[in-house]
Amino acid sequence: MADGPFALVDCNNFYVSCERVFNPALQHRPVVVLSNNDGCAVARSNEVKRLGIKMGAPLFEFRDLVAQHNIEVLSSNYSLYGDMSNRVMQIVQGYSPLTEVYSIDEIFLNLKGMPFDLEAWALKLKKQVLDWTGIPVSVGIGATKTLAKVANRMAKKNLFHGGVFELKEDRRIEALKALSIEEVWGIGSRWGKSLRSLGIQTAYDLTEQDYRHIQKQFNVVLARTALELGGLSCMPLEVMVPRKQIRVSRSFGERITKYEPIREALSSFTARAAEKLRAQGSLTQAILVFIQTNRFNEKEPQHHQSIVMQLPVATDDTIMLLKAARKGLEKIYKPNHRYKKTGIILLDLTREANGQNDLFFEANPKRQALMEALDQCHEWFGRKSLHFASEGVKCAWQGRRGYVSAHQTTSWENLPKVYAK
DNA sequence: TCTGGGGTCCTAGGACCC
DNA sequence: TCTGGGGTCCTAGGACCC
């Protein structure tokens, strides 16, 4: 299955594009979408990128630019982005039977055995996605996934290709010579630095190394990247692999010292994690609970701690998980600290069919029915419609979300209205 | 004062066993 | 001063991704 070629379809400035679909006044204006809690920039329009605002930059650092250039600032609206993502993915999946949804805004396609003009094919795909969803995408095509990534970069940079680029073998070396080492998929700033100290400055330089040497000095991941840049495919398409862990965590809107609101937040996250777990049809055998103070404030007493709680039996039962989470929190919580964040990670996930039956634990059909009803209720009436008492009602932990747009595609109240003249 | 959240994989090192 | 060697399992931490 590692045989290429591969295409990578990547949505342009995805969150910003979603916002623009429902608010055309945002077109051609600088727009930035913030992370949870309105903390930092997670999506930027091209206008904002040109102003030099970096991915992940905290809002308080670029407030002056916001005022100066009249930048539209938005809180993130994940239900909208998730829904738009599904629409885009469905269309793209019609173009190849073998696809891998890599992230909320990226999808790989295997193009093996497609004999036709790939660029024309990609232009058609791009147009259909734009016409049907309003989301602009770029398409990169290459012999390996890593080269498809390279091609996608080039498609985005050189707009005269119409947002589509096929990196053919005769252009490969030239393209890799022009690509600095940190821009390669899988090579971050740390490894980039150590590679540069060895005289490896560009993607091409990496392909000139003996991969066994790279593996020895670094690791197999980097060795594979080197091979892929050389045109040898060694990262197969991963079709719908169930998650190996599920994490839910949030920073609080304000620092919290008391136990009770932290427990409420953790209960909420646990309930959400259990829901995700059931959605993918898995069971968990152990959970990790953690709490953290603000690591940026060095003057305050710091406390970062986590604890793993083993469960007596693999389960997807929210009530069992809530109990375990609470026990864990009791063990690690310390009074007199200003906490910033808590969260839960479900570990050791197994498929339901493989779940071991415990001699001392009989599956409770009533409880299972309750969980099903809960999930249904959330699907039909929203997550706020029904919740556990331990999640609390005050939600003192809830983050800031000062600039949120409407839920145009997932809420009846927010459905856009169209008037005929 | 304000600085996200959710994933993956790999490696080193300690514990433990024979 | 000498005080095995090798295998497995687990965990923490570090790197990367979007």
Side-chain angles (χ1 to χ4, degrees), chain A residues 8-15 32-44 53-64 66 73 75-78 81-82 85 100-108 145-146 149 152-153 181-195 214-225 235 238 241-255 265 269 272-273 276-277 280 286 288 290 292-300 304-308 310 338 340-349 399-402:
Chain A
L8 174 66
V9 179
D10 188 329
C11 302
N12 301 345
N13 317 325
F14 182 54
Y15 297 171
V32 63
V33 177
L34 300 176
S35 64
N36 261 316
N37 224 9
D38 292 344
C40 42
V42 289
R44 303 155 296 151
I53 295 173
K54 297 263 180 285
M55 178 72 175
L59 174 62
F60 70 85
E61 276 181 17
F62 60 87
R63 276 218 192 270
D64 289 351
V66 170
V73 177
S75 302
S76 39
N77 183 345
Y78 287 106
Y81 311 149
S85 171
E100 172 189 345
V101 176
Y102 178 68
S103 72
I104 194 164
D105 67 339
E106 286 172 82
I107 176 169
F108 284 104
K145 282 163 90 174
T146 307
K149 272 271 184 188
N152 194 286
R153 250 193 121 77
I181 193 71
E182 299 84 4
E183 291 175 304
V184 175
W185 184 42
I187 299 177
S189 59
R190 297 291 176 93
W191 288 1
K193 213 173 159 194
S194 16
L195 285 166
I214 295 288
Q215 173 157 0
K216 225 181 200 172
Q217 235 174 332
F218 293 86
N219 57 42
V220 293
V221 179
L222 201 55
R224 276 201 283 261
T225 298
M235 300 182 186
E238 289 178 16
V241 206
R243 296 266 169 254
K244 293 175 181 167
Q245 46 176 253
I246 291 171
R247 169 200 296 240
V248 179
S249 67
R250 295 276 183 285
S251 294
F252 307 138
E254 278 156 19
R255 304 290 167 268
F269 305 159
R272 178 73 191 112
K276 287 187 182 186
L277 184 69
Q280 79 161 31
L288 182 150
F290 67 88
Q292 296 171 354
T293 49
N294 182 8
R295 69 192 156 95
F296 291 104
N297 191 342
E298 289 163 2
K299 289 174 198 151
E300 278 183 1
H304 296 216
Q305 202 177 346
S306 65
I307 186 169
V308 174
Q310 296 291 333
R338 299 180 72 227
K340 177 173 195 228
K341 184 173 183 176
T342 187
I344 182 166
I345 307 176
L346 310 183
L347 308 161
D348 294 347
L349 305 193
R400 282 183 295 276
R401 241 182 147 206

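Throughout, protein chains are lettered first and strands after them, A, B, ... in sequence-line order, and every chain is numbered starting at 1. None of the values given here were measured: they were computed from a predicted structure. These values consider heavy atoms only, across backbone and side chains, with no hydrogens, waters or symmetry-generated copies.
In the set B:dT8, B:dG7, B:dG6, B:dG6 carries the atom at the smallest distance from any side-chain atom of A:Val248. Nearest nucleotide to the A:Arg224 side chain, out of B:dG4, B:dC10, C:dC17: B:dC10. With B:dC9, B:dG6, B:dG4 as the choices, the nucleotide that has an atom nearest any side-chain atom of A:Arg250 turns out to be B:dG6. For A:Lys341, taking side-chain heavy atoms from C-beta onward, the closest of the listed nucleotides B:dC2, B:dG5, C:dC17 is B:dG5. For A:Arg243, counting side-chain heavy atoms from C-beta on, the closest listed nucleotide (C:dC18, B:dT8, B:dG4) is B:dT8. For A:Phe60, taking side-chain heavy atoms from C-beta onward, the closest of the listed nucleotides B:dC2, B:dG5, B:dC9 is B:dC2. Relative to the side chain of A:Tyr102, the nucleotides B:dT3, B:dC9, C:dC18 differ in distance, and C:dC18 lies closest. Across B:dT11, B:dC2, B:dT8, the shortest atom-to-atom separation from the side chain of A:Lys244 is found for B:dT8. The side chain of A:Asn36 has B:dG5 as its nearest neighbour among B:dG5, C:dC18, C:dA15. Distance from the side chain of A:Lys340 is smallest to B:dG4 among B:dG5, B:dG4, B:dC9.
Residue A:Ile187 is in sugar-phosphate contact alone, with no base atom involved, counting any heavy-atom pair closer than 4.0 Å across all strands shown. Residue A:Asp38 is classed as having no contact, given no heavy-atom separation below 4.0 Å to the nucleic acid. The residue A:Ile246 sits close only to the backbone: its heavy atoms come under 4.0 Å of sugar-phosphate atoms, none of a base. As judged by a 4.0 angstrom heavy-atom cut-off over every strand, A:Ser189 is placed among residues touching the sugar-phosphate backbone only. Contact annotation for A:Lys149: backbone-only contact, meaning every heavy-atom pair under 4.0 Å involves sugar-phosphate atoms and none involves a base. Residue A:Glu61 is out of contact with every strand shown, counting any heavy-atom pair closer than 4.0 Å.
Annotation for A:Glu254: atom CD does not count as buried by contact number, only 12 or fewer foreign heavy atoms lying within 6.0 Å.
At least one donor-acceptor pair closer than 3.5 Å links the side chain of A:Asn219 to the backbone N or O of A:Val221. Put simply, the side chain of A:Asp10 never gets that close to the backbone of A:Asn152: no donor and acceptor are under 3.5 Å apart.
At whole-Å resolution of the value, CG in A:Asp348 and P in C:dC10 are 9 Å apart. In this structure, the CD atom of A:Gln217 is 14 Å from the P atom of B:dT11, given to the nearest Å. Distance, A:Tyr78 OH to C:dC18 P: 15 Å, rounded to whole Å. Atom CD1 in A:Ile104 sits about 19 Å away from atom P in B:dG4, given to the nearest Å. For A:Asn294 and B:dG4, the CG to C1' distance is 13 Å, given to the nearest whole Å. Here the P atom of nucleotide C:dC16 and the CD1 atom of A:Ile181 are 12 Å apart, to the nearest Å. If you measure from atom CZ of A:Arg190 to atom P of C:dG13, you get 15 Å, rounded to the nearest angstrom. Distance, A:Trp191 CH2 to B:dT8 P: 17 Å, rounded to whole Å.
The phosphate of B:dG5 (OP1 or OP2) has a side-chain N or O of A:Ser251 nearer than 4.0 angstrom. Between A:Ser35 and B:dT3 there is no side-chain N or O to OP1 or OP2 distance below 4.0 Å. Checking the phosphate oxygens (OP1, OP2) of B:dC2, a side-chain nitrogen or oxygen of A:Arg255 falls inside 4.0 Å. Considering only side-chain N and O atoms, A:Lys276 lies under 4.0 angstrom from the phosphate OP1 or OP2 of B:dG7.
Looking at every heavy atom in both residues, A:Val220 comes nearest to A:Gln215 through CG1-NE2, 2.7 Å. A pairwise comparison of heavy atoms in A:Val32 and A:Ala41 identifies CG2-CB, 3.6 Å as the closest pair.
To the nearest 0.5 Å, atom CZ of residue A:Phe290 and atom CD1 of residue A:Ile307 are 14.0 Å apart.
Nucleotides of DNA chain B nearest to A:Arg247 and A:Gln215 differ in position, and the one nearer the 5' end is that of A:Arg247. Nearer to the 5' terminus of DNA chain B, by closest-nucleotide assignment, is the contact made by A:Pro58 (compared with the other of A:Gln245 and A:Pro58).
Under the Watson-Crick and G-U wobble criteria, each requiring two contacts below 3.5 Å, nucleotide B:dC18 is paired to C:dG5.
Judged by centroid separation below 5.5 Å and plane tilt below 30°, A:Phe296 stacks onto the base of B:dT3.
Ring geometry, A:Tyr15 versus A:Tyr81: the interplanar angle falls under 30°, so the pair is classed parallel (tilted spans 30 to 60°).
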